[in-house]
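Heads up: the structure comes next, in structure tokens.
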2 protein chains.
Amino acid sequence: MEMDERKATILQAIIRNYLETGEPVGSRTISKYTDLNLSSATIRNEMADLEEMGYILQPHTSAGRIPSDKGYRFYVDTMMEAKDREISEMKKVLMERQDKLEDMLKGVVKLLAKDTQYASLITAPSANRNKLKFIQLSRIDDEHLLTVVVKEGNVIKNKVVDVTEPINEETLLKLNLMLNTQLSGMTMDEISLSMITGLKAQAGSHSGVISEVIDAVAEAISAEEDLKVYTSGANNILKYPELSDNSEKAGHLINTFEEREGLEELIIGGEDGDEAIKVYIGSENKVSGMEDCSVVTATYELEGGMKGTIGIVGPKRMDYDKVVGTLKSLRSGLDDLYKKDN
Amino acid sequence: MEMDERKATILQAIIRNYLETGEPVGSRTISKYTDLNLSSATIRNEMADLEEMGYILQPHTSAGRIPSDKGYRFYVDTMMEAKDREISEMKKVLMERQDKLEDMLKGVVKLLAKDTQYASLITAPSANRNKLKFIQLSRIDDEHLLTVVVKEGNVIKNKVVDVTEPINEETLLKLNLMLNTQLSGMTMDEISLSMITGLKAQAGSHSGVISEVIDAVAEAISAEEDLKVYTSGANNILKYPELSDNSEKAGHLINTFEEREGLEELIIGGEDGDEAIKVYIGSENKVSGMEDCSVVTATYELEGGMKGTIGIVGPKRMDYDKVVGTLKSLRSGLDDLYKKDN
DNA sequence: TGTTAGCACTCGTTTTAAAAGAGTGCTAAC
DNA sequence: GTTAGCACTCTTTTAAAACGAGTGCTAACA
């Protein structure tokens, strides 16, 4: 048995209808819905075929059909008609140009959740190339030293280092000079153990401080840490019975969003293909507890190679066309904006 | 009519029972529950009195009674028997002494939610006295200057300042010296407009930079901003029908926890009385959407006068004894720990 | 050979009625 | 002041019936 055009039309009609209503759809409905002019009996035959082929399922004997994961996949891959959507409200948020990136991201994710009615997340853009721009040691008081690490892209990290004996201003100047001469422009990988040993030797009695400073640098430079995630609309999960009926699972999902733990899984690992927008249906995504969800992700890029990800999590019957369209628009919106005025 | 001892005993029994079961409690139950040796009929009379006095309510004619807000309040104020609870698991988290305060707080709030089965929040400790310790300007590149502001308690803030024309190292040194001489040790209030004007004058052609730096200082020093809130267990709300039945309201609550907005309301404004642990029942707390909840808050203090708040949000029939006991223990746990080894 | 009308059958959902049960308030007696 | 008893109220539970959406199959049709 193979998928011919008529079967595809019927499958599409079934999915469209199910996305709208959330109810299993029967042959009679399709018979009227499509302009194929076929009787419900004929549709029934075709539906039996589609079921056999694995594109649709019957929840129970006397019910209509619902799409299977395979069915959704087919739809998304070949039948979807994503139109770019107007996202004027979000553009407005972008335009207001909060001086704090954080506020902007919070605003966007909130509007996204409101607009789509699905749970949403966004990660702060981060540069891949984690080069050290410069280091600055300053004396806070006799026991504490402040280490400021500035990375490429002007990302700043601080760490307070305890010192056992006071360090005078002169030594500090020397240390600063030494550190910057040797380390600026380096990436994590390029800082070798021998360099560290060398630095310590040069630092003489202050080698302990150097160790701590190097630690601070390592911490600052390792990309993983500051993958900040903002979320909104976890409560939308309650709106979809297929997700909220099992309150155990629903709670787990909500918790994931509240604590933002494990969400990285959604976002990484998708770097291989260069498709900017990706759809994961049901068990296609690996985050535990999200087997009944679909996830759509989009990567966006700001000037300077800063990349971030936007994600939408909803029921499998999410409105793929709409979501993909929205993300597409939002993506280019973010890009444009930053290219223009920064 | 006034509250005599017997009425109080009965009221207590009603509340205790209702906290356990969540069901309206009838006269017969109380007759057996207490050791007053009274028949259900007598209890009924007393209950009628208690209802008239406003301590209990009848959801409908043929149902038992449930406590009113006034009833809960009476219970909490005069009848509660909070015992300090063993919070060994949390102590363990504290002991492990995450080098990051953030991780520690996340751990604590998570365990707290798990232990109590209510939604929980904790704010990062912050010093009240927002004195400036020192300022450091550094050159990032020709267009950017880094401002590092260190506050009392070694809290650090950064800001990148755009400059129109390059500033050389020498000028930078001068500016640094100038700023620190004049500003360190100051609080927000003490930095007057005349001082700022003076600084600008001294800075000559770089007065623009000074303005920006002052802005950074103002931003860093204003206490309000970095009231970081960590939450956990919002999903516990789903466990209590009285909160989750109205999924509109439940969603709103969950959203509040997810986005951590408006939670400050719970926490501030309670500074007046010096009771460390406070209980807000139902409409006693002002956060919108929490009329059906009770909130228990505790303030904790770390060395150096750093203060933070812990909060528990649950249904009005929350187990006050347990929650207050837990918070009491946790509070002293946090205190002890930091006093000991920092 | 593909399409369709017709019909028996399945199975979840809704409706309806009845019964059960929990609890009260009141009265009258102890 | 306390309590047994009883009628009454309202919700919850249970059971049964009716409904209805939808299917699969057969047989007839073009």
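By convention in this document, chain letters (A, B, ...) are assigned in the order of the sequence lines, proteins followed by strands, and residues within each chain are numbered from 1.
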_Student check: side-chain heavy atoms of B/L121 and B/L266 closer than 4.5 Å_ = yes

*asked:* From the set D/dG24, D/dT2, C/dA22, return the single nucleotide nearest to any side-chain atom of B/T42.
replied: D/dT2

*Secondary-structure stems for DNA chain C, with pairs counted as Watson-Crick or G-U when both distances are under 3.5 Å and runs at least 3 long*: C:1-30 with D:1-30

*asked:* Rounding to an integer number of Å, can you tell me how far A/L50 CG sits from D/dT23 C1'?
replied: 15 Å

_Rounding to an integer number of Å, can you tell me how far B/N37 CG sits from D/dT2 C1'?_
12 Å

_Counting neighbours of CZ on A/R260 that are heavy atoms of other residues, nucleotides or ligands and sit closer than 6.0 Å, is the number greater than 12?_
yes

*asked:* Is there a side-chain contact between B/E89 and B/D115 in this structure, where contact means two heavy atoms from C-beta onward sitting under 4.5 Å apart?
replied: no

*Can you check the A/E52 CD to D/dT23 P distance for me, whole Å?*
16 Å

*From the options C/dT4, D/dT23, C/dT24, select the nucleotide whose nearest atom is closest to the side chain of B/M47.*
C/dT24

*asked:* Just checking A/D77: does its CG atom have more than 12 heavy atoms from other residues, nucleotides or ligands closer to it than 6.0 angstrom?
replied: yes

*Considering only NZ, NE, NH1 and NH2 on the basic side and carboxylate oxygens on the acidic side, decide whether B/K106 and A/E261 come within less than 4.0 Å.*
no

_Between P of D/dG1 and CG of B/L36, the distance in whole Å_ = 17 Å

_Taking only side-chain N and O atoms of B/R65, does any of them lie within less than 4.0 angstrom of OP1 or OP2 on C/dA22?_
no

*Verify whether one side chain among B/D49 and B/Y55 offers a donor that lies under 3.5 Å from an acceptor in the other.*
no

*Could you tell me whether the side chain of A/V108 reaches within less than 4.5 Å of the side chain of A/L330, counting heavy atoms only?*
yes

*Do other residues, nucleotides or ligands put more than 12 heavy atoms under 6.0 Å from B/D4 CG?*
yes

*How close or far is atom P of D/dG22 from atom NE2 of A/H60, stated in whole angstroms?*
10 Å

*Got A/Y240 and A/M318 here, is their nearest side-chain heavy-atom distance under 4.5 Å?*
no

*Would you mind reading off the distance between A/N45 atom CG and C/dT4 atom P, rounded to a whole angstrom?*
10 Å

Using the 3.5 Å cut-off, write out each protein N or O paired with an N or O of nucleotides 4-8 of chain D and the distance between them.
{"unit_1": "D/dG5", "atom_1": "O6", "unit_2": "B/R44", "atom_2": "NH2", "d": "3.2"}

*Rounded distance (Å) that lies between atom P of C/dG23 and atom CD of B/E51*: 15 Å

*asked:* Assess the residue pair A/S329 and A/T326 against the criterion (side chain to side chain donor-acceptor pair (under 3.5 Å)); give the C-alpha distance rounded to whole Å, side-chain angles, the decisive distance to 0.1 Å, and a yes or no.
replied: CA-CA 5 Å; A/S329 303; A/T326 304; over 6 Å; no

*asked:* Checking contacts here: which listed nucleotide (C/dT4, C/dT10, D/dT3) is nearest the side-chain heavy atoms of A/L38?
replied: C/dT4

*State, yes or no, whether a side-chain contact exists between A/K316 and A/I281 at a heavy-atom distance under 4.5 Å.*
yes

_Could you check whether any side-chain heavy atom of B/N17 comes within less than 4.5 Å of a side-chain heavy atom of B/E20, counting everything from C-beta outward?_
no

*Indicate, yes or no, whether a donor-acceptor pair under 3.5 Å links the base of D/dT9 to the side chain of B/S62.*
yes

*Round to the nearest Å and state the distance from B/I43 atom CD1 to D/dT3 atom P.*
9 Å

*Strictly below 4.0 Å, heavy-atom distances to any atom of DNA chain D: list the hits from residues 7-35 of chain B, or just say none.*
none

